[in-house]
Peer 1: 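First the structure, then my questions, so here it is.
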Amino acid sequence: QVQLVESGGGSVQPGGSLRLSCAASGFTFGSVIMSWVRQAPGKGLERVSHVNTTGGTNYADSVKGRFTISRDNAMNTLYLQMNNLEPEDTAVYYCAKANTTTNTFDAWGQGTLVAVSS
C-alpha cells in the first residue's frame, strides 16, 4: 500500500531555515508528480510546490525564491528546503502524490508542523 511519511518540521524563529523530507513507499516513486501542500491554522489547503518526473518545478508566489523542492528517486524521497521563513509560513505541511488523470492528490502523508514565531 502507498505510504508517505513526512519529517523535519519544528519551531523556528523568523529568518530561520528547515528542510522537510518525505519518505515514499508502495509505488513507483520516480514515475509520478509529487507535491508539497500546506494548511495554515483556520485556512484551506495551499499548493506550495510541485516537481515532475523530469525535475521541472513550480512554486506558489508566496514561497518563490525562498523554498526549493527536490527529489531523490534512488532513495524514494521528496524534499522541501525552506529558507528565510516568515510567520506566514506557519502551517502543517503535507507530502502528496498527484493523480494527473483525476486532477487530485490520491495519497497524503500524516503532515509535519512548521511553526515560525519569535
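We count residues from 1, following the sequence as given.
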Peer 1: Please examine the side chains of V116 and Q13, heavy atoms only from C-beta on, and report whether any two atoms are closer than 4.5 Å.
Peer 2: no

Peer 1: Is R71 positioned over the aromatic face of Y79, cation under 6.0 angstrom from the ring centre and no more than 45 degrees off axis?
Peer 2: no

Peer 1: Considering non-hydrogen atoms only, spot the tightest contact between E46 and A60 and give its length.
Peer 2: OE2-CB, 4.1 Å

Peer 1: State, with a plain yes or no, whether a side-chain heavy atom of I33 is found less than 4.5 Å away from one of T100.
Peer 2: yes

Peer 1: Can you check side-chain contact (heavy atoms from CB on, under 4.5 Å) on Q110 and Y94, steps first, answer last?
Peer 2: CA-CA 7 Å; Q110 83 286 356; Y94 298 94; over 6 Å; no

Peer 1: Can you confirm whether P87 sits close enough to S117 that some side-chain heavy atom of one is under 4.5 Å from a side-chain heavy atom of the other?
Peer 2: no

Peer 1: So which atom in R66 and which in D89 form the shortest heavy-atom distance, rounded to 0.1 Å?
Peer 2: NH1-OD2, 2.7 Å

Peer 1: Kindly give the heavy-atom pair with the smallest separation between S118 and P14, and that separation in Å.
Peer 2: N-CD, 3.9 Å

Peer 1: Are any of the side-chain heavy atoms of V37 and V48 separated by less than 4.5 Å?
Peer 2: no

Peer 1: Quick one: does any side-chain atom of N99 pair with a main-chain N or O of N103 as donor and acceptor, under 3.5 Å?
Peer 2: no

Peer 1: If you measure from SG on C22 to CD on E6, what distance do you get to the nearest 0.5 Å?
Peer 2: 5.5 Å

Peer 1: What's the separation between atom CZ in F67 and atom CZ in R38, rounded to the nearest 0.5 Å?
Peer 2: 5.5 Å

Peer 1: Is it true that, when you exclude K64 itself, more than 12 heavy atoms of the residues, nucleotides or ligands shown sit nearer than 6.0 Å to its NZ?
Peer 2: yes

Peer 1: Within this structure, what is the CD1-OG distance for the pair I69 and S49, rounded to the nearest 0.5 Å?
Peer 2: 3.5 Å

Peer 1: Minimum heavy-atom separation for G9 to V114, with atom names?
Peer 2: CA-CG2, 4.2 Å

Peer 1: Can you tell me how far the CG atom of L78 sits from the OG atom of S70, to the nearest 0.5 Å?
Peer 2: 7.0 Å

Peer 1: Side chains of N83 and Q81 only: does a donor on one sit below 3.5 Å from an acceptor on the other?
Peer 2: yes

Peer 1: Judged by modelled atom types alone, do D72 and T77 share a side-chain donor-acceptor pair under 3.5 Å?
Peer 2: no

Peer 1: Applying salt bridge (Lys or Arg N to Asp or Glu O under 4.0 Å) as the test, list every pair that has at least one member in residues 98-108; sequence neighbours left out.
Peer 2: K97-D106

Peer 1: Do S17 and M82 touch side chain to side chain, with heavy atoms closer than 4.5 Å?
Peer 2: no

Peer 1: R47 pairs by side chain to side chain contact (heavy atoms under 4.5 Å, CB included) with which of Y59, F105, W36?
Peer 2: F105

Peer 1: Just verifying a value: how many Å separate M34 CE and C95 SG, rounded to the nearest 0.5 Å?
Peer 2: 3.5 Å

Peer 1: Given the rule in the side-chain contact (heavy atoms from CB on, under 4.5 Å) test, do F27 and N76 qualify, once you have shown the distances and angles that lead to the verdict?
Peer 2: CA-CA 9 Å; F27 64 101; N76 289 344; over 6 Å; no

Peer 1: Does any part of the side chain of T112, heavy atoms only, come nearer than 4.5 Å to the side chain of L20, both counted from C-beta?
Peer 2: yes

